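Here is the structure we will look at, set down as structure tokens.
Order of listing sets the numbers, starting from 1, for every ligand and every atom in it. Computed from a prediction, not measured in an experiment: that's the story for all the values here.
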Amino acid sequence: MTRTPFIAGNWKMYKTGTQAVETAVALKDMTAEISGVDIMIAPTFLSLPLVAQAVAGSNVRVGAQNLYHKNEGAFTGEVSAPMIKDSGAEYAIIGHSERRQYFGETDASVNLKIRAAADCGLTPVLCIGETESQRDAEKTFNILDKQVSDGVKGFGSDELNDLILAYEPVWAIGTGKTATADQVDEVHQYLRNLITRLYSKDFADKTRILYGGSVKPDNVKELMAIEDVDGALVGGASLNAESFINIINFRN
Ligand code: PEP
């Protein structure tokens, strides 16, 4: 089974609307001739419709960094899945470790968010990953098992609209520390087997599993060469179009 590589940029809380559009247009131009790779950028909510409009019809897709699980209501400050979808986004990053760490997200809230995304046709990018102390305590696989199983609890494979998993060891995010190829290989194989156990081999074979954590132009090739790595979720190195295009062009 060949899975099309998926390279995603998480722009976190960076860039004004003007700056986001500028980078998005640069990426759109640089990726005009590219094929064989799916590209997604996730700007802030505020920039989402502007960026979606700027890249419409190009090779660049757009995603949200989060969502609230209710469709509408008195939830001051929140943004819903249908609103995100209407802005032109096709993906939603869910359960990023910064959301879990700073905004109290849990596997249960992640599950509700995946439900909201799936119900309105947004593809969820479910982020999972262990902290350094969990790895040191040899709890990595238990943590990942729970994050995935609870995250997709109650879903049939037919409801998951191309679920994408992003393995992001928390200790490697924004730290410059990348997991070794052996560590990534071991975890991605584990995740593929876990999806097989939860669903089926067919579903696991088509589920893309991304690696995230200090991915840069100079380490992406080695990471993408690992059999069960189907793409990358990139933070810092996606903010600059030249750096991100070098990651998107990982084959060169
Ligand atoms: C991320 O935000 O998902 C991420 C992996 O960040 P960075 O690439 O900066 O480590």
Checklist entry - With respect to atom 3 (O) of ligand 1, which of Gln65, Lys12, Glu168 exhibits the smallest heavy-atom separation? => result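 It is Glu168 that holds the nearest heavy atom.
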Next on the checklist: My understanding is that only one of Asn249, Ile41, Thr31, Leu239 makes a side-chain contact (heavy atoms from CB on, under 4.5 Å) with Phe244; could you say which?
Outcome noted: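 Testing each of Asn249, Ile41, Thr31, Leu239 against Phe244, the sole residue satisfying side-chain contact (heavy atoms from CB on, under 4.5 Å) is Ile41.
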Checklist entry - So is Ala237 close enough to ligand 1, meaning a heavy atom under 4.0 angstrom away? => result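 It does not; every heavy atom stays at 4.0 Å or beyond.
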Checklist entry - Does some non-hydrogen atom of Ala172 fall short of 4.0 Å from ligand 1? => result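 Under 4.0 Å: yes for Ala172.
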Checklist entry - Does Arg192 come within less than 4.0 Å of Glu227, counting only side-chain N to carboxylate O? => result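 No salt bridge links Arg192 with Glu227.
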Next on the checklist: Among Gln147, Arg100, Lys153, exactly one meets side-chain hydrogen bond (donor to acceptor under 3.5 Å, both in side chains) together with Asp107. Which residue is that?
Outcome noted: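 The residue from Gln147, Arg100, Lys153 that satisfies side-chain hydrogen bond (donor to acceptor under 3.5 Å, both in side chains) with Asp107 turns out to be Arg100.
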Next on the checklist: Rounded at 0.5 Å granularity, tell me how far NZ in Lys85 sits from OH in Tyr91.
Outcome noted: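 Reported to 0.5 Å precision, the distance equals 10.0 Å.
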For [X], take its heavy atoms, then give the atoms of ligand 1 lying under 4.0 Å from any of them.
X: Ser214; value: 7 (P), 8 (O), 10 (O)
X: Ile173; value: 4 (C), 6 (O), 10 (O)
X: Gly213; value: 5 (C), 10 (O)
X: Gly236; value: 7 (P), 8 (O), 9 (O)

Checklist entry - Looking only at side chains, do Asp38 and Thr4 share a donor and an acceptor under 3.5 Å apart? => result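 No, no side-chain donor-acceptor pair sits under 3.5 Å.
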Item to check | pair Tyr211-Val187: side-chain heavy atoms closer than 4.5 Å | outcome: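 SC-SC contact between Tyr211 and Val187 ruled out.
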Checklist entry - Would you say Gly212 has any N or O atom under 3.5 Å from an N or O of ligand 1, going by distance alone? => result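 By distance alone, the answer is no.
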Which residue holds the protein heavy atom closest to [atom], what is that atom called, and what is the gap in Å?
atom: atom 10 (O) of ligand 1; value: Gly174 N, 2.6 Å
atom: atom 1 (C) of ligand 1; value: His96 NE2, 3.2 Å
atom: atom 8 (O) of ligand 1; value: Gly235 N, 2.8 Å

Checklist entry - So which bit of Asn10 gets within less than 4.0 Å of ligand 1, heavy atoms only: side chain, backbone, both or neither? => result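 Just the side chain.
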Next on the checklist: Residue-level breakdown please: for Ser238 versus ligand 1, do any non-hydrogen atoms fall below 4.0 Å on the side chain, on the backbone, on both, or on neither?
Outcome noted: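 For Ser238, there is no contact with ligand 1 at all, from either part.
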Next on the checklist: As a quick check of understanding, evaluate salt bridge (Lys or Arg N to Asp or Glu O under 4.0 Å) for Glu130 and Lys139, giving each step before the final call.
Outcome noted: CA-CA 8 Å; Glu130 80 287 0; Lys139 289 190 179 143; over 6 Å; no
Next on the checklist: Within 45 degrees of the ring normal and closer than 6.0 Å to the centroid, is that where the cationic atom of Arg115 sits relative to Phe155?
Outcome noted: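 Yes, cation above the ring, under 6.0 Å and within 45°.
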Item to check | Non-hydrogen atoms of Ala179 and Ala172 that approach each other most closely | outcome: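 That closest heavy-atom pairing would be N-CB, 4.4 Å.
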